[in-house]
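Following: one structure in structure tokens, then a few remarks.
Chain letters run A, B, ... following the sequence lines, proteins first and then strands; every chain starts at 1. Note that this is a predicted model, so its numbers are computed, not measured.
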Protein chains: 2
Amino acid sequence: MDTTQRTDQQRSADRRRRELLEAADRVVLRDGPQASMNAIAAEAGITKPILYRHFGDKGGLYAALAKRHTDALLDSLRAALDAPADRRERVEATLDTYLSAIEARPQVYRFLMHPAEGSQSDQGFDVGKHSAPLLRRMGEELAQVIEERLDLGPDSQQLARVWGHGIVGMMHAAGDWWLGERPCSRAALVRSLADLLWGRLAAAGDRVGGPGF
Amino acid sequence: MDTTQRTDQQRSADRRRRELLEAADRVVLRDGPQASMNAIAAEAGITKPILYRHFGDKGGLYAALAKRHTDALLDSLRAALDAPADRRERVEATLDTYLSAIEARPQVYRFLMHPAEGSQSDQGFDVGKHSAPLLRRMGEELAQVIEERLDLGPDSQQLARVWGHGIVGMMHAAGDWWLGERPCSRAALVRSLADLLWGRLAAAGDRVGGPGF
DNA sequence: AGACTCGTGTTACCGCAAGTAACATGCACG
DNA sequence: CGTGCATGTTACTTGCGGTAACACGAGTCT
């Protein structure tokens, strides 16, 4: 029949698409984010136009590639966020999950966040349109959790969104810096960030001699 | 003499360099970050090779361009951070200064942070190598201020650095999101972020029915 | 069986931007 | 005057993203 036929073709196309994505993944992880479409096609054992038929343009390939990793990461984060534990523990678990992820696969992480810092020229994937989505999605996700779980009085929704994006940004920037310099253990970083979120900034005493920061 | 001659030439070269940078600035602000070297050269009334003689490559031009804006922004932030007021006021003033800057010149901001989200292809400046520096510099700067002013007990230096980068990241991500969606006034955003830093996350009560976030 | 469609694959090309070589010109200095 | 030397040019190469145009193979319709 028509439908079964269509389904078969669909299946085959989807399988192919997945294979191509895996090839692309390998290349990106090996050559860095400035992997060329030619290189990806070669790795997949085919040539450029096929990639374009499947993904439209480079942005499409990137988006498909990023979505896989992004979804996986978001699932882990959701799990940590939903664990049965008290608030501080959840926050620490979530931070730790994120940091573990970027620590375990820094190449993936760098690809998702800083696509175009490859070796030679700047022929890479672009960020702007795509790295934002990851951060934004995490921010919105967190905002939703915050708003669901916390009693923040009036304007709780807006407050939650600000906090969601703010906390995600904090996590991201601190993680990025930490991944580059490795100034301390992961646990220490998690603790320091949680302390910050827990108001230690406000509670800290002034240093001798000044009005304090 | 030799020295005076050299000085004259140096001066002339520097002036030229500044002119070129201003032209580049205009083009980048007009055409977005994917401005081509040709376009910049044309705006400056000259041709490509001269740009390359002055800045080496596109990254060099970018770096020079970014340094101007980055330095200016950092100066403003330092001023806000050093103002004679209590801690909370300073934090709010600093946040507000940053947000005012990105609000006043979003194009500059987007250029510094998300260079490659132009219209057509991805021929833009690259981020990774350069956007990091701005965030990193802000983070280190803030870390230094924190460490100077606050009594954080043992490990104060590391804690200060974590916080510096974390707070800067929070500011950056929230600002980025805010700039795109404009969900509230600048003052409200500043207040929300300061509240977050002031431990309201830890202090908030649980919503009915759950163990709380 | 033979024509038709359709998905998959190819080669060969266009356009465009980064970056470079080689050549021209104006100006100070011996 | 000729010799550097900075400044400027045109014309080129290379490498990328992206796109025709064509070729083959497998099922489908009559």
Is the A/Y62 to A/F55 ring centre distance short of 6.0 Å? no
Would you give the length of the straight line joining atom OG of A/S36 to atom NZ of A/K58, rounded to the nearest 0.5 angstrom? 6.5 Å
Of all the choices, D/dG18, D/dC16, C/dG19, which nucleotide is nearest to the side chain of A/S36 once you look at every atom? D/dC16
Sugar-phosphate only, base, or nothing, as touched by B/I50 at under 4.0 Å among non-hydrogen atoms: base
Closest contact, heavy atoms only, A/M138 versus A/Y98: CE-CE1, 4.0 Å
Closest nucleotide among D/dG8, D/dG18, C/dG19 to the B/Y52 side chain: C/dG19
Can you tell me how far P of C/dT8 sits from CD of A/E19, to the nearest Å? 11 Å
hbond_proxy A/R53 side chain to C/dG7 base (donor-acceptor, 3.5 Å cutoff): no
In whole angstroms, the gap separating P of D/dC16 from CE of A/M37 amounts to 12 Å
Minimal heavy-atom distance between B/H69 and B/D25, with the atoms involved, is CE1-OD1, 3.1 Å
Rounded to the nearest Å, what distance is computed from the NZ atom of residue A/K58 to the P atom of nucleotide D/dG17? 4 Å
Looking at B/T47, does any N or O in its side chain come under 4.0 Å of the phosphate oxygens OP1/OP2 on D/dT9? yes
Nearest non-hydrogen partners of B/A101 and B/L73, listed with the distance: CB-CD1, 3.7 Å
Is there a donor and acceptor pair closer than 3.5 Å between the side chain of B/K48 and the base of C/dG19? yes
A/P49 side chain: which of D/dA20, C/dA17, D/dG18 is closest? D/dA20
Please give, in whole Å, the distance from D/dC16 C1' to A/Y62 OH? 19 Å
Euclidean distance, atom CG of residue A/D57 to atom P of D/dT19 [Å, nearest integer]: 8 Å
Measure from CG on B/N38 to C1' on D/dT10 and round the result to the nearest Å. 12 Å
Specify the separation, in whole Å, of atom CD of A/Q34 and atom P of C/dA18. 17 Å
Between CZ of B/F55 and C1' of C/dG19 the distance, given in whole Å, is 16 Å
Under-4.0 Å side-chain N/O to phosphate OP1/OP2 contact, A/R16 with C/dG7: no
